[in-house]
Each structure stands twice: as C-alpha cells, then as structure tokens.
Amino acid sequence: MPHTASRYLAEGRRVGLRHFTRADGAEFTARARESKDLHHPWLFPPDSAGAYAAYAERLIEDPTKAGFLVCEKEADGALAGFININNIVEGGFQCGALGYGAFAHAAGRGLMREGLHLVVCHAFGPMRLHRLEINVQPANAASIALARACGFRLEGFSPKMLFIDGAWRDHQRWAITREMTAASG
C-alpha cells in the first residue's frame with residue numbers, strides 16, 4: 001500500500017502543525033475576530049484580509065521568521081491557534097523568539113500545549129536552533145502557564161520591553177534550550 005504524505009510538518013495526538021499559506025486568510029481572520037476578547041490586551045493578530053496578507057507574507061518570505069498554524073486534526077484541520085518563531089538568528093546564536101495565540105474555540109483544551117511542544121521539537125530538529133525564548137507580560141497568566149507547562153524556565157524581567165496596545169510593556173523572559181528538552185525527555 002503506498003504511503004500518503006501528511007499535510008502536516010509534525011503531528012501530535014490531536015493537532016498537526018503546518019506553515020501559514022496565503023489561502024488561510026479567511027479562516028484565520030474570522031478566528032481572530034471571534035477571539036478579540038481572549039487576546040486583548042496581550043496580542044492583536046490580523047483580523048482583516050489586507051492585514052492578514054501582509055502578516056502572512058512576512059512569515060512566508062522572511063528567513064528570520066517561521067510561522068506555524070496549529071490545526072485540530074479531528075475538526076478537519078480547523079485552525080486552533082498559531083505559533084511564530086521571530087527574530088531567528090543563526091551562526092553562534094541559533095535562537096528565535098516565540099509568539100503565539102490560541103483561538104477562542106480552542107482555548108483551555110490543551111491544543112496549544114501540544115502545538116508548542118511540536119514547534120519546539122521542529123525548531124530543535126529540522127530548523128537546527130539551540131534556544132527559544134518567550135517574552136510574556138507578567139499578568140498574562142495563561143501564556144505563562146503554557147510556557148511553564150512546555151518546560152521553559154523563567155530567566156528574567158525586562159522593563160518596558162515591547163510597545164503593545166499603546167504603551168511600553170514589561171515582560172518576563174522565558175527560555176528553553178535543546179539540552180533542556182533532551183534532559184527532560
């Protein structure tokens with residue numbers, strides 16, 4: 001029997017991971033609009049066709065970024081959330097900064113935890129990165145819980161690090177290295 005290639009870069013029990021495409025705009029923006037209350041004031045994913053086109057283009061074309069969609073396998077690949085690796089630096093650093101968000105219908109169901117685990121494995125495997133960082137606003141309990149659940153360690157505090165929702169926001173710095181995942185698994 002011939003093997004059928006998966007449509008996913010990586011698969012877990014309930015989710016599959018794939019890259020963004022330009023064709024995902026309608027579903028992504030609809031999910032972003034449905035999730036505004038969940039996301040505010042932490043993040044603002046694109047919620048219009050034009051904004052999505054520019055966002056996806058950067059993730060697809062810029063070699064310092066890698067965008068992943070977390071897809072719910074039992075829901076015919078419906079988008080559950082997104083995880084991006086930004087500011088990828090190669091050479092002696094081999095590091096990237098993660099940004100992510102669940103969509104409202106998927107929040108609290110463990111799908112993003114499974115998706116983030118897949119991204120970490122992909123980053124430390126085929127992408128050959130050594131370190132991933134997550135910068136989280138201290139009051140964003142859900143994001144901190146996700147980072148902690150996936151084995152990231154708290155490394156520090158950065159006052160007024162990022163300009164979000166009209167102000168410079170403090171962030172906690174969380175990180176994981178390839179060695180940390182090897183030691184835990």
Side-chain angles (χ1 to χ4, degrees), residues 1-62 65-86 88 96-127 129 132 134 136-137 140-152 174 176 181 184-185:
M1 176 177 279
H3 173 70
T4 305
S6 173
R7 66 189 213 185
Y8 299 116
L9 295 166
E11 289 186 62
R13 189 172 59 80
R14 298 183 301 152
V15 302
L17 198 67
R18 65 177 177 81
H19 286 295
F20 277 74
T21 70
R22 291 166 184 88
D24 292 310
E27 182 181 3
F28 188 97
T29 56
R31 298 282 188 202
R33 288 189 301 273
E34 293 166 0
S35 304
K36 276 190 184 284
D37 290 342
L38 175 67
H39 293 156
H40 188 268
W42 318 117
L43 70 150
F44 301 87
D47 63 359
S48 70
Y52 177 82
Y55 178 75
E57 192 68 26
R58 286 189 303 270
L59 291 170
I60 293 167
E61 297 297 331
D62 186 342
K65 299 180 184 313
F68 303 96
L69 293 168
V70 178
C71 304
E72 195 171 356
K73 290 168 38 176
E74 288 186 9
D76 198 29
L79 302 184
F82 56 96
I83 303 169
N84 301 329
I85 306 176
N86 300 298
I88 298 170
L98 293 173
Y100 49 78
F103 291 125
H105 75 282
R109 296 175 44 209
L111 301 174
M112 288 300 291
R113 181 178 179 175
E114 190 175 326
L116 183 54
H117 174 73
L118 293 172
V119 168
V120 168
C121 290
H122 187 75
F124 292 157
M127 292 181 71
L129 295 178
L132 293 171
I134 299 172
V136 182
Q137 292 178 57
N140 189 343
S143 189
I144 289 170
L146 179 59
R148 184 177 282 124
C150 289
F152 286 74
W174 293 77
I176 194 169
T181 60
S184 69

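Computed from heavy atoms alone, side chains included, the values below leave out hydrogens, waters and symmetry copies.
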Novice: Please list, chain by chain and in numerical order, all residues satisfying ring pair (Phe, Tyr, Trp, His ring centres under 6.0 Å) with His122, sequence neighbours excluded.
Specialist: Phe68

Novice: For Tyr100, which residues count as a ring pair (Phe, Tyr, Trp, His ring centres under 6.0 Å) partner, sequence neighbours excluded?
Specialist: none

Novice: Under a 3.5 Å distance rule, please check whether His117 uses its side chain to pair with a backbone N or O of Met112 as donor and acceptor.
Specialist: no

Novice: For Glu61, give me all partners under salt bridge (charged side-chain N to carboxylate O under 4.0 Å, His left out), at least two apart in sequence or on another chain.
Specialist: Arg22

Novice: Which residues pass the salt bridge (charged side-chain N to carboxylate O under 4.0 Å, His left out) test with Arg14, not counting sequence neighbours?
Specialist: Glu114

Novice: I need the Lys65 NZ to Ile88 CD1 distance, nearest 0.5 Å.
Specialist: 8.5 Å

Novice: Could you note down all residue pairs passing salt bridge (Lys or Arg N to Asp or Glu O under 4.0 Å) where residues 47-56 supplies at least one of them, sequence neighbours left out?
Specialist: Lys36-Asp47

Novice: Could you report the tightest heavy-atom contact between Ala123 and Leu132, atom names first, then the distance?
Specialist: CB-CD1, 3.8 Å

Novice: Closer than 3.5 angstrom, by distance alone: can the side chain of His19 be matched with the main-chain N or O of Gly67 as a donor-acceptor pair?
Specialist: yes

Novice: Once rounded to the nearest 0.5 Å, what's the spacing between atom CD1 of Ile176 and atom CZ of Phe124?
Specialist: 5.5 Å

Novice: Could I get the full list of side-chain hydrogen bond (donor to acceptor under 3.5 Å, both in side chains) partners for Thr21, not counting sequence neighbours?
Specialist: Asp24

Novice: Using side-chain contact (heavy atoms from CB on, under 4.5 Å) as the criterion, list what pairs up with Pro46, not counting sequence neighbours.
Specialist: Phe28, Ala51, Tyr52, Tyr55

Novice: Start with the C-alpha gap between Asn84 and Leu98, add the side-chain angles, then the distance that decides, and say whether side-chain contact (heavy atoms from CB on, under 4.5 Å) holds.
Specialist: CA-CA 6 Å; Asn84 301 329; Leu98 293 173; over 6 Å; no

Novice: Taking side-chain contact (heavy atoms from CB on, under 4.5 Å) as the test, write out the residues that go with Ala97, two or more places apart.
Specialist: Asn87

Novice: When rounded to the nearest 0.5 angstrom, what distance separates CG in Asn140 from CH2 in Trp42?
Specialist: 5.0 Å

Novice: Please name all residues satisfying side-chain hydrogen bond (donor to acceptor under 3.5 Å, both in side chains) with Asp62, sequence neighbours left out, ordered by chain then number.
Specialist: Thr64

Novice: Which atom pairs, donor and acceptor, lie under 3.5 Å between side-chain atoms of residues 72-81 and protein residues at least two apart or in another chain?
Specialist:
unit_1 : atom_1 : unit_2 : atom_2 : d
Glu72  : OE2    : Arg109 : NH2    : 2.3
Lys73  : NZ     : Glu11  : OE1    : 3.1
Lys73  : NZ     : Gly12  : O      : 2.7

Novice: How would you list, by chain and number, every residue that makes a ring pair (Phe, Tyr, Trp, His ring centres under 6.0 Å) with Phe152, sequence neighbours excluded?
Specialist: none

Novice: If you measure from SG on Cys71 to OH on Tyr8, what distance do you get to the nearest 0.5 Å?
Specialist: 5.0 Å

Novice: When the ring planes of Phe82 and His39 are compared, do they come out parallel, tilted or perpendicular, using 30° and 60° as the limits?
Specialist: perpendicular

Novice: For Arg33, which residues count as a salt bridge (charged side-chain N to carboxylate O under 4.0 Å, His left out) partner, sequence neighbours excluded?
Specialist: none

Novice: Would you give the length of the straight line joining atom NE2 of His40 to atom CG of Leu38, rounded to the nearest 0.5 angstrom?
Specialist: 12.0 Å

Novice: Rounded to the nearest 0.5 Å, what separation is found between the CD1 atom of Ile134 and the CG atom of Leu116?
Specialist: 5.5 Å

